[in-house]
Student: 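Before I ask anything, let me first share the structure, which is written out below as structure tokens.
All of these numbers come straight from a predicted model, not from anything done at the bench.
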Amino acid sequence: MSARRRSRRVPRLAGRAAGSPGGFHPRPATTHVGTMTPDSNPHHGREFTAAWSEHMPGSMTHPGPRQNTWGTPAGANHAVADASVPIAEVLDTLWRARGVHTNPATGAPGTIPQRAIPSAGACYPVQVHLLCGTGCDVPPGIHAYNAEDSTTHRRTAAAPAMAGAILVFSVLPQRTAARYHHRALPLLLADTAYALLGVSRHAASRGLKSRWLTADPATLAAVARLPDYAAWQGRWPDTAPELALTALAVGAGDELPSLAQWGMAAAGPAGRPQPCPQRQPRTVASVEHWAAGPGLRHPEHAYDLTPGAVLGTVELLRRRSLPIHSPISNLAHPVRRVPWGVWRRLLGAFPLPAPAGCDVVVLGQEDIAKRGLHLECAGQEWVHSLDGILLLRTRAAPDEAAMWWAAGAAAHLLYSSLATGREHTFRPVAGWTGTRDGFITLHALGFRAQRSEGNTHVGQ
């Protein structure tokens with residue numbers, strides 16, 4: 001990987017307006033700091049490292065269904081009252097749409113829902129399957145959660161005799177790949193990390209413990225009674241192929257459920273979703289190849305996510321990504337000092353160790369300007385309006401373990417800051433390319449001191 005720097009000026013990008021939708025907002029640019037080609041890493045996951053190349057994403061393709069539809073939702077009479085593990089309520093707080101964002105160009109109501117979790121480009125590819133035992137606020141069995149209307153759908157009543165729940169997080173790769181193409185794979189991990197950490201932090205506010213589990217996509221699909229991603233269209237044609245990425249055990253006691261207790265792979269897929277051929281669902285070839293590689297079995301060990309800041313409903317519902325706007329002068333807005341010491345302590349509570357060669361650096365507004373930071377993140381000139389930004393970086397070629405750590409640590413910091421009342425508003429930033437001082441930025445978290453921002457842009 002080359003660390004050489006180009007001197008040509010990056011032109012302002014044509015196409016979408018600066019305020020267009022985009023949770024992490026990774027935009028293409030024609031020139032970047034440093035280079036990395038898709039073939040710079042010869043291992044099986046070269047589709048993953050291609051996200052940091054200079055190649056521009058192509059035109060938008062069909063994003064497929066917003067979610068799979070699993071039939072009639074469970075009625076209110078099926079809910080379990082006074083449940084010790086109110087996991088459906090936790091998901092409702094995180095995903096239920098509470099209004100819509102206004103169109104930044106017109107000021108009129110838009111179509112993008114306001115949700116407590118962020119998503120790159122407002123694609124919202126993350127899906128959740130609940131493997132519920134006893135004590136949950138839905139009956140035992142495997143349930144699909146529909147974020148569109150915040151309902152649960154029991155796909156099968158089969159369940160082991162155990163307490164608590166396991167949440168299997170899957171994604172609809174077509175949604176993100178349709179917009180970001182070769183830059184999609186790290187965004188799928190980032191979206192999932194923000195969802196997983198959001199669930200764990202809010203579950204803690206309800207007295208629940210949580211543990212990040214380890215398994216590969218095929219194992220996760222089997223225990224959730226889903227087809228493997230590559231076989232999905234063959235088993236359930238005209239439905240949206242899901243790729244299972246990770247899992248979280250949640251419970252009220254000291255003993256949390258394990259994937260082994262749900263080891264019913266021989267039973268096969270259950271509860272087929274309703275076909276929707278008009279939405280053109282498809283399998284993404286690069287994702288199919290990526291899913292078969294070794295990189296997606298993560299974390300290396302199960303990690304307890306219970307300790308840390310407790311994020312209540314009120315605090316969580318206040319979360320909005322800070323708006324994108326042009327840089328403003330320091331006279332109009334005096335810059336707050338970067339609270340790096342406080343954030344360092346919050347990051348220190350994130351249980352997933354940083355992979356070798358990874359670190360975090362914080363830049364203030366002056367450093368952002370001197371560095372010409374927009375050259376490193378696909379020409380996103382709005383980053384010069386930030387009070388500061390945290391860069392989560394690696395000296396090695398980007399891989400899945402490093403990305404899980406980077407996005408997970410950023411999500412942990414964002415949610416912890418919400419819970420502790422820090423006076424800053426955040427926005428995840430993706431679209432990083434090339435190298436700088438021997439480092440590649442995996443993910444970033446921009447921030448500004450809270451002030452009158454008007455309506456926030458997407459990013460949800």
Side-chain angles (χ1 to χ4, degrees), residues 22-28 36-58 60-61 63-64 118-127 169-196 216-218 220-221 228-230 232 240-246 282-299 355 358 377-378 392-394 396-408 410-411 428-434 440-444:
F24 301 165
H25 218 69
R27 295 187 183 208
M36 179 186 295
T37 66
D39 297 323
S40 62
N41 187 350
H43 77 12
H44 187 280
R46 62 181 177 270
E47 296 93 346
F48 191 75
T49 61
W52 284 266
S53 76
E54 293 187 4
H55 294 297
M56 293 175 62
M60 181 82 177
T61 59
S119 175
C123 295
Y124 287 108
V126 178
Q127 313 294 294
F169 294 88
S170 64
V171 291
L172 300 176
Q174 182 182 354
R175 293 200 58 76
T176 304
R179 180 168 184 175
Y180 296 116
H181 299 273
H182 66 280
R183 290 184 179 164
L185 302 187
L187 298 177
L188 294 172
L189 296 188
D191 271 16
T192 306
Y194 278 88
L196 181 144
D216 59 90
L220 291 172
D228 187 68
Y229 181 74
W232 188 289
E242 298 182 24
L243 173 64
L245 285 179
T246 196
R282 64 182 178 88
T283 301
V284 180
S286 61
V287 174
E288 182 177 343
H289 186 253
W290 178 53
L296 287 179
R297 182 181 172 86
H298 199 73
C358 291
C377 58
L392 297 103
R393 317 178 300 174
T394 180
D399 63 13
E400 294 84 357
M403 192 66 203
W404 275 122
W405 164 78
V429 188
W432 299 90
T433 59
I440 298 165
T441 298
L442 298 161
H443 188 67

Student: Nearest 0.5 Å, please: how far is OH in Tyr180 from CE in Met60?
Tutor: 9.0 Å
Student: Would you say Trp405 and Leu392 make side-chain contact, with heavy atoms under 4.5 Å?
Tutor: yes
Student: Say you draw a straight line from CD of Glu242 to CG of Asp228; how long is it, rounded to the nearest 0.5 Å?
Tutor: 12.5 Å
Student: In the structure I gave you, are the side-chain heavy atoms of His181 and Thr61 within less than 4.5 Å of one another anywhere?
Tutor: yes
Student: Could you measure the distance from the CG atom of Leu185 to the CZ atom of Arg183? Nearest 0.5 Å is fine.
Tutor: 12.5 Å
Student: From Leu187 CG over to Thr192 OG1, what is the distance, rounded to the nearest 0.5 angstrom?
Tutor: 10.5 Å
Student: Where do Ala178 and Pro63 come nearest, in terms of heavy atoms and distance?
Tutor: CB-CA, 3.6 Å
Student: Distance from Arg393 atom CZ to Ile440 atom CD1, nearest 0.5 Å?
Tutor: 11.0 Å
Student: On a heavy-atom basis, which atom in Ala244 and which in Ala221 lie closest, and how many Å separate them?
Tutor: CB-N, 3.9 Å
Student: Would you mind reporting whether Ser119 and Pro125 have side-chain heavy atoms less than 4.5 Å apart?
Tutor: yes
Student: Would you check if Thr394 and Pro355 make a side-chain contact, meaning some heavy-atom pair closer than 4.5 Å?
Tutor: no
Student: Please identify which of these residues, Tyr194, Trp404, Trp432, meets the ring-ring contact (aromatic ring centres under 6.0 Å, His included) condition with His443.
Tutor: Tyr194
Student: Asp191 and Pro118: which non-hydrogen atoms are nearest, and at how many Å?
Tutor: OD1-O, 4.3 Å
Student: Could you tell me whether the side chain of Leu296 reaches within less than 4.5 Å of the side chain of Asp216, counting heavy atoms only?
Tutor: no
Student: Side chains of Trp52 and Pro186: closer than 4.5 Å at any heavy-atom pair?
Tutor: yes
Student: Please report the closest heavy-atom contact between Phe48 and Pro398, naming both atoms and the distance.
Tutor: CD2-O, 3.9 Å
Student: Below 30° counts as parallel, above 60° as perpendicular, anything between as tilted: where do the rings of His55 and His182 land?
Tutor: perpendicular
Student: Which distance, rounded to the nearest 0.5 Å, do you find between the CG of Asp399 and the NE2 of His298?
Tutor: 8.5 Å
Student: So, do Thr283 and Tyr229 sit near enough that their side-chain heavy atoms are less than 4.5 Å apart?
Tutor: yes
Student: State, with a plain yes or no, whether a side-chain heavy atom of Leu245 is found less than 4.5 Å away from one of Leu220.
Tutor: no
Student: State whether the side chain of Arg175 and the backbone N or O of Cys123 hold a donor-acceptor pair below 3.5 Å, judged by distance alone.
Tutor: yes
Student: Between Thr176 and Val171, does a side-chain contact (heavy atoms from CB on, under 4.5 Å) hold up when you go through it step by step?
Tutor: CA-CA 9 Å; Thr176 304; Val171 291; over 6 Å; no
